[in-house]
Amino acid sequence: MADPSSYRPSPGQIPDSPGVYKFRDEHRRVIYVGKAKSLRQRLANYFQDLAGLHPRTRSMVTTAASVEWTVVSTEVEALQLEYSWIKEYDPRFNVKYRDDKSYPYLAVTMNEQYPRVQVMRGHKKKGVRYFGPYAHAWAIRDTVDLLLRVFPVRTCSAGVFKNAARTGRPCLLGYIGKCSAPCVERISAEDHRELADEFSDFMTGRTGTYIRRLEKQMMDAADEMEYERAARLRDDIEALKKAMEKNAVVLADATDADLIALAEDELEAAVQIFHVRGGRVRGQRGWVTDKVEAVTSGDLVEHALQQLYGEETGDSVPKEVLVPALPDPVGPVQEWLTGRRGANVSLRIPQRGDKKALMETVARNAQQSLVLHKTKRASDLTTRSRALEEISEALDLDSAPLRIECYDISHLQGDDVVASMVVFEDGLARKSEYRRFQIKGFEGQDDVRSMHEVITRRFKRYLAEKEKTGEWVDDATGSTEPGDSGDGLGGPAGGLKDDDGRPKRFAYPPQLVVVDGGQPQVAAARRALDELGIDDIAVCGLAKRLEEVWVPGEDDPVVLPRTSEGLYLLQRVRDEAHRFAITYQRTRRAKRFRASPLDDVPGLGEARKQALLKHFGSLKKLRSATIDQICEVPGIGRKTAETIAAALALAAPAAPAVNTATGEIMEEEEPGTTADPSEEPVAAGSPDRRRGQET
């Protein structure tokens, strides 16, 4: 625990201007980001008597070891920079939205020649019209299924569309009238785009026009005694009305607004948002947040606004945002929202009428969300805590192992030997800290030596970095392939590997190392730690046969009851390590199988390799071709043809595949010879047919 006075800057050093500040801990990790109208006044509040601080603020300033700041011109710039840094550093003492998932939207891809209606998640793309978000993807599909009867817009993928255009046959939706089949030119591109525009207009709330138009067409058809057409139009009207019933009118003046409500207690807060477009509720989403800092309702609203609109622009930010409490001050936030929209945005508390009544409904949803979350979390926390305590007691540990690392070795009959490391913190998987290893110290199958090598490499890096910098750091850069560092230790995809306090770092040593195996593997892991002088990390192994827990130096295993929560947790950790290792091993094996003798020809790129395979049909036929025949391929000169022929002559052909049922030699292509890189040939008796022998 640090004394805040040890790193307190003198008042004269702190500027009296708007800015953003960062608190860092002793390892230089950013633990808190905040903004202020006056940096001097705000930071002075943190360095007063500890007894007068809020408990969470007191915990933060005693964890921190330094503070730094950045001066900006306006409070709006400070708001934007604060949002960017919170996203970048993920500070532990800032408000965290635990349910920050990607919600599904109904999207119309107006940026394509033939617009497509589909479900989309993630970042929004330019030229695509979005409606939502929805709580569930099935809700979107139900609505679309009803509307396609009236607006038969394309919903198929690009591959299906191209295949239908090539064969001249539409998909099933084209036959049953739920797609206008632009793929086979039943409708022109212009008419199809107009149909997509009408679909979008209906989704934005302009429903009355289409209903009245269809009713008039139905009456005209009845007058002309075209009863089948009239019945079809009647069914279309019913489908539209049914789709409209799914989004009842809640605000009579066709308002576009977002309503944000809170439900909170001392420790947590639930945020619920209703998206109202054209007077109808078009989407709903919600978060639950830990109140890890001293925050008011206005602060929570400000954080919710940052989360909701931080990456939105244009019409995605509505004209009106209704909230239960206003941020203090409200001016910069409202100005920031206006800048995101490009037009005025009203941020206010509803006082009366329909909007206040709807806000009460949103608040009830927030309250129910908080109650449901607490019920689930209480059970979850109790179970995890009991599991960790049982493991601690069974292994005679000084405290519960809050961080557990598990290692597993995977190979196929001694080939492609790899290892995995998975991390569980507080009983939950921490996937950002998973690692993958290639076994490089020797060839062949030896799980014990492999385990010794993996443990040695992982903790040797930890000791070296600790001695060098005095802090726990991630793997060095210089990776040789995606997910792998130069020493074969793979990092998480997209991991940030710098010394500036960013998240996803290999931050701490574990309290418990679990290996997948019995006495030999456990002894190897313990020996590796002893050779490195590490004696404060416990080691155990979980054997698959009887689910026995082995500890170093013991002749008999520790047997946990089958109903033990501790055993369940160890099994989950072990199974996750096994899954991660198998996935990596199969990836490497598939990559090796796709290798081709053409890969060794200097100067021969992917395009010309594909041209050769397309021209000859297979590597076998290319191998038997003359130099003159190879020269017939566009882009292949005589010198290159001679190099190709020489390389193929030196490469030994693969053994023929054999049908194990009949003994017949099968005419299959050699590995890596298919003209389509997405296809991987698998011969009878190949490793993919023997996955039961993988470990």
Side-chain angles (χ1 to χ4, degrees), residues 1-72 75 78-79 81-98 264-269 289-304 306-307 327-329 332 402-403 425-426 469-473 498-505 507-508:
M1 180 179 293
D3 182 0
S5 62
S6 64
Y7 63 89
R8 175 178 183 173
S10 62
Q13 293 178 322
I14 308 175
D16 188 19
S17 57
V20 182
Y21 54 92
K22 292 181 288 190
F23 281 88
R24 295 179 182 268
D25 65 8
E26 59 180 339
H27 305 304
R28 299 290 298 161
R29 289 186 297 268
V30 176
I31 62 172
Y32 184 74
V33 173
K35 69 176 190 329
K37 181 178 180 180
S38 169
L39 286 169
R40 182 179 301 172
Q41 295 179 16
R42 176 60 60 83
L43 290 177
N45 294 333
Y46 292 101
F47 297 102
Q48 54 181 289
D49 184 10
L50 290 178
L53 292 177
H54 189 282
R56 297 184 186 90
T57 305
R58 183 165 62 247
S59 176
M60 187 272 291
V61 296
T62 54
T63 303
S66 63
V67 62
E68 57 193 54
W69 55 83
T70 299
V71 176
V72 296
E75 292 181 69
L79 184 72
L81 183 58
E82 179 195 34
Y83 169 76
S84 300
W85 278 359
I86 290 175
K87 278 287 188 183
E88 180 178 5
Y89 295 112
D90 189 25
R92 58 177 291 197
F93 284 99
N94 280 92
V95 167
K96 298 177 190 251
Y97 294 102
R98 206 163 26 250
E264 55 183 311
D265 59 18
E266 285 295 320
L267 299 176
E268 296 174 308
T289 173
D290 285 323
K291 296 170 72 173
V292 292
E293 55 177 314
V295 290
T296 63
S297 296
D299 295 331
L300 288 172
V301 167
E302 182 176 319
H303 287 300
Q306 287 179 319
Q307 179 74 15
D328 184 24
L402 298 182
R403 179 183 173 102
E425 289 188 352
D426 197 20
T469 65
E471 65 179 279
W472 322 118
V473 300
D498 58 23
D499 297 322
D500 199 24
R502 288 171 171 79
K504 296 185 180 179
R505 305 187 55 183
Y508 304 103

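From a predicted model like this one, the values you see are computed outputs, not experimental measurements. Numbering starts at 1 and runs along the sequence shown.
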Worksheet item: Is the shortest side-chain N to carboxylate O distance from Glu75 to Arg42 below 4.0 Å?
Response: no
Item to complete: Quickly, which of Val20, Asn94, Val30 forms a side chain to side chain contact (heavy atoms under 4.5 Å, CB included) with Ile86? Name it, please.
Response: Asn94
Return the minimal non-hydrogen interatomic distance between [X] and [Y], and the atom names on each side.
X     : Y     : value
Pro15 : Trp69 : CD-NE1, 3.3 Å
Gly19 : Ala78 : O-CB, 4.0 Å
Phe47 : Pro4  : CE2-O, 3.6 Å
Thr70 : Leu39 : O-CD1, 4.3 Å

Quick check for you: to the nearest 0.5 Å, what is the distance between [X] atom [atom1] and [Y] atom [atom2]?
X      : Y      : atom1 : atom2 : answer
Glu68  : Leu43  : CD    : CG    : 11.5 Å
Gln41  : Asp16  : CD    : CG    : 6.0 Å
Ile31  : Glu26  : CD1   : CD    : 10.0 Å
Lys22  : Arg28  : NZ    : CZ    : 8.5 Å
Trp85  : Tyr21  : CH2   : OH    : 12.0 Å
Gln307 : Glu302 : CD    : CD    : 13.0 Å

Practice prompt. Using the ring pair (Phe, Tyr, Trp, His ring centres under 6.0 Å) rule, take Phe23 and Tyr46 through it: C-alpha gap first, then chi angles, then the decisive distance, then the call.
Written response: CA-CA 11 Å; Phe23 281 88; Tyr46 292 101; 5.1 Å; yes
Within the 4.5 Å heavy-atom criterion, are [X] and [Y] side-chain neighbours or not?
X     : Y     : answer
Lys35 : Pro18 : no
Val61 : Val67 : no
Leu53 : Met60 : no

Item to complete: For the pair Arg24 (side chain) and Ser66 (backbone), establish whether a donor and an acceptor sit closer than 3.5 Å, ignoring hydrogens and angles.
Response: no
